[in-house]
Protein chains: 2
Amino acid sequence: MDKTELAQLFQLFKKYNALPVKAEEAIAAISSIITVKKNKDLQPIGHTCKTIYFINKGIARIYYFKDGIDITENFFFENNIIARVESLFTGKPSRKAIQILEDAEIVGINANQLFKLYDSFPEIERLFRKIFEAAYVETVHRIEGIQFHTAEERYKALLQEAPDILKRVPLKYVASYLGITQVSLSRIRGLK
Amino acid sequence: MDKTELAQLFQLFKKYNALPVKAEEAIAAISSIITVKKNKDLQPIGHTCKTIYFINKGIARIYYFKDGIDITENFFFENNIIARVESLFTGKPSRKAIQILEDAEIVGINANQLFKLYDSFPEIERLFRKIFEAAYVETVHRIEGIQFHTAEERYKALLQEAPDILKRVPLKYVASYLGITQVSLSRIRGLK
DNA sequence: GTGATTATTTATCATATGATAATTGAATAG
DNA sequence: CTATTCAATTATCATATGATAAATAATCAC
């Protein structure tokens, strides 16, 4: 895989743990680029997560079904890593899917091969440790945002902290992300 | 620090990534044991988390205040690791505290010294990577439990998945953990 | 043990959100 | 461009949960 197409990814790596050239090449060797059209699933429900994704361009979400209702767990924008960690770290099939919301260019890193690289490149293991530690912190922060806040508070916090989501993502997906129905979200937006 | 007092901790390590004796000794050298009485704070709000804890005996919770109201983020029982990761992994002061709910015996591991050990003992870095990956997965699972479930569903799930919490922890702490008021929890428990 | 504090339950009322349906508006395929 | 589907809003009604207060019950200090 040509390293120039991985420039954005390597830029992200530098923020966590800069890699020696050999390590970058090793990652390039197990990576590939795919383009995915809007509304397509990048990974379907029931599939075991064996790829760590990075978004060069586009938007994605992780979603699942609860009692037949589509629930968005999270959104992902450019220059971010996506993985269904509850599958990636356990080896179990995921009940969640990854869907593309805007035509996307995505880097896929083969997870099993990456985990093997951990043995020969401690810098790579450290890099991904730090990446997922940061993601973990985000997730803890998210719980705080949900617990004991009203729907309106959650909407306003989103407006404040991640207005891009509201600008670029259909509201029906935002509603379940906030833990409310689309109709409630519409009502809250209409207030004042 | 005498390794025999760390037997439970090393037992936990074996589940994730068994350590060579030298590595166990290195961890023992930066660990200490403390006993903490019920209702005492192990770590206060505003303190930067520089210690990773392990519970030999007792129960703890992480809590914080929202608009003056005490909210429980999580409970921790015997043989589990506790850390306020949003502080540990960022180096920022935590807005959360760790409180002991039953007289406890706790192992404290000096975090900065532990992170230094990562350089000389890749097995230790891997061990803690896996420990926190598992904790991350738990946290993702938790979000799913909160999003789009009614208070009654959340209570029943807790009764199913972690009945110990309801047996050993005051309900006022459980209520905020479930994201509801104590009065609502009491009402839900009274149903049927 | 006794009184004082704290936790839990019960009751009443107010309100935010869900469910459903109808309407309007936007996106898409042909 | 038009028709069709899909997304977003608005309205009405039902209900779960919050807020407050009062009554028990349990725990704790002395």
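Quick note on labels: first sequence line is chain A, next is B, and so on, each numbered from 1.
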Which residue lies more 5' along DNA chain D, comparing B/Leu185 with A/Lys172 via nearest heavy atoms: A/Lys172
Residue pair A/Tyr64 / B/Glu144, side-chain donor-acceptor N/O under 3.5 Å: no
Quick one: which protein N/O atoms are closer than 3.5 Å to N/O atoms of nucleotides 21-25 of chain C? Pair and distance per line, please.
none

Side-chain ion pair, A/Glu133 and A/Arg129, N-O less than 4.0 Å: yes
Contact interval (first through last nucleotide) of DNA chain D with protein chain A, 4.0 Å heavy-atom: D/dA7 to D/dT12
Partners meeting side chain to side chain donor-acceptor pair (under 3.5 Å) with B/Asp119 (sequence neighbours left out): A/Arg126
Check: A/Phe132 ring centroid to A/Phe89 ring centroid under 6.0 Å: yes
Which protein N or O atoms sit under 3.5 Å from an N or O of nucleotides 28-30 of chain C?
unit_1, atom_1, unit_2, atom_2, d
C/dT28, OP1, A/Lys38, NZ, 3.4

Which residue lies more 5' along DNA chain D, comparing A/Ser184 with B/His149 via nearest heavy atoms: A/Ser184
Report all side-chain donor-acceptor pairs from residues 17-31 of chain A shorter than 3.5 Å, counting only partners two or more places apart or in another chain.
unit_1, atom_1, unit_2, atom_2, d
A/Asn17, ND2, A/Glu123, O, 3.2
A/Glu24, OE1, A/Lys3, NZ, 3.4
A/Ser31, OG, A/Ile27, O, 2.7

Atom-pair distance (CD1 on B/Ile188; P on C/dT9), nearest Å: 12 Å
Face-on cation placement of B/Arg142 at B/Tyr177 ring, 6.0 Å and 45° thresholds: yes
Trace of the salt bridge (charged side-chain N to carboxylate O under 4.0 Å, His left out) decision for A/Lys156 with A/Glu152: CA-CA 6 Å; A/Lys156 286 187 174 162; A/Glu152 194 179 345; 3.1 Å; yes
Short side-chain to backbone donor-acceptor contact, B/Thr72 and B/Tyr173, under 3.5 Å: yes
Any side-chain donor near an acceptor of the partner, A/Ser94 and A/Glu86, under 3.5 Å: yes
Sugar-phosphate only, base, or nothing, as touched by B/Ser186 at under 4.0 Å among non-hydrogen atoms: base
Test ring-ring contact (aromatic ring centres under 6.0 Å, His included) applied to A/Phe13 - qualifying residues, sequence neighbours left out: A/Phe10, A/Phe128
Under-4.0 Å side-chain N/O to phosphate OP1/OP2 contact, B/Arg187 with C/dT10: no
Result of checking B/Val169, B/Asn80, B/Ile165, B/Asp103 against B/Ile59 for side-chain contact (heavy atoms from CB on, under 4.5 Å): B/Val169
